[in-house]
K.L.:
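Have a look at this one.
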2 protein chains.
Amino acid sequence: MAGDFYSSEGDAVLREAGLRVTRQRQAIVRVLFEAEDHPDAEQVLVRARDKDASVSQATAYRTLGALADKGLLHRHMFDGGVTRFELATRPHHDHLIDVESGEVMEFVSDEIECLQRRIAAEYGYDIVAHRLELYCKKRRS
Amino acid sequence: MAGDFYSSEGDAVLREAGLRVTRQRQAIVRVLFEAEDHPDAEQVLVRARDKDASVSQATAYRTLGALADKGLLHRHMFDGGVTRFELATRPHHDHLIDVESGEVMEFVSDEIECLQRRIAAEYGYDIVAHRLELYCKKRRS
DNA sequence: TTTAGTGCAAACCTTTTGCATGGCT
DNA sequence: AGCCATGCAAAAGGTTTGCACTAAA
């Protein structure tokens, strides 16, 4: 049931990207739909192999790259070193990272979005994309 | 004259980091003081060799890494793939990147800084660091 | 003199790619 | 059938590290 749902959703994403629907890609996209975190390629690979053991590293990277290039997936590099992925179908948000636990939270601020556009405009620019990350420590008071 | 100035400033930075003052490191730090852009390790290396041909790749990476770890240098990963450096002694600012020319501009917005702190506080957090990058295209109107 | 820094080259790690085979459409 | 996708393994690109030697303190 849940599997069917994700599977169909996933197939749609793949077709939208102009990619053929293969077992391996279905496994990868399902992992992305089920992910509640921001997995990197290695984690996606491991989880996808749980669904279909035949998924190779090359296919994981190629599929993630293709989906990201088509704009269906967002790439993040929170720490540096590893690229993390997130479905672009999710509503826009920025990230708050707990530097002690590594937990990543999401937030939205229309005020900040608005200020960003104003700043870009002052320089004569239009924003194509932006990245806002807050690295934080839990307040102990 | 200018050389002496930068040299002294550089020596101070190195001592502050608890590092020994060597010719190679002096060359590297001077490059950072003179840089008006956000060079990556490779660029720092090339420019440093211009001042002292004996600077090796290993020393460039080791020195940049040590200074960054000590907080005297900021690391950026604007595009993904390459780490770029910037002296931390410079006043705080965020970045606006022209995606067509690659040019990096700097800006400050007290309003945004303030909103960020407020958002973190809502989650019970204090901001340790943040990253705000606006990827933009020149407005053609 | 002691201890940290250096260059060189090899090792690392994540990501990409060439190639022959396999499988959507 | 045709063309795209796959797995494997090798390559690439940036960064790190082991080691014997050199130089700052």
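Only this structure's heavy atoms are used, side chains among them; waters, hydrogens and symmetry mates stay out. Below, read A as the first sequence line, B as the second, and so on, with proteins coming before strands; counting in each chain starts at 1.
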K.L.:
Does the side chain of Asp52(B) pick up a donor-acceptor pair with the side chain of Gln24(B) at under 3.5 Å?
P.N.:
no
K.L.:
What residues join Ile112(A) in its hydrophobic cluster, counting side-chain heavy atom gaps under 4.5 Å, either direct or through other members?
P.N.:
Leu96(A), Met105(A), Phe107(A), Leu115(A), Ile119(A), Tyr123(A), Tyr125(A), Ile127(A), Leu132(A), Leu134(A), Leu96(B), Met105(B), Phe107(B), Ile112(B), Leu115(B), Ile119(B), Tyr123(B), Tyr125(B), Ile127(B), Leu132(B), Leu134(B)
K.L.:
For His130(B), what residues pass the ring pair (Phe, Tyr, Trp, His ring centres under 6.0 Å) criterion, not counting sequence neighbours?
P.N.:
His92(B)
K.L.:
Any luck finding a side-chain donor-acceptor pair between His74(A) and His76(A) under 3.5 Å?
P.N.:
no
K.L.:
For nucleotides 13-25 of chain C, just jot down a letter per nucleotide in 5' to 3' order: B, S or -, based on protein non-hydrogen atoms under 4.0 Å.
P.N.:
-SBBBB----BBS
K.L.:
Say whether, by atom type as modelled, one donor and one acceptor occur between the side chain of Arg84(A) and the main chain of Pro39(A) under 3.5 angstrom.
P.N.:
no
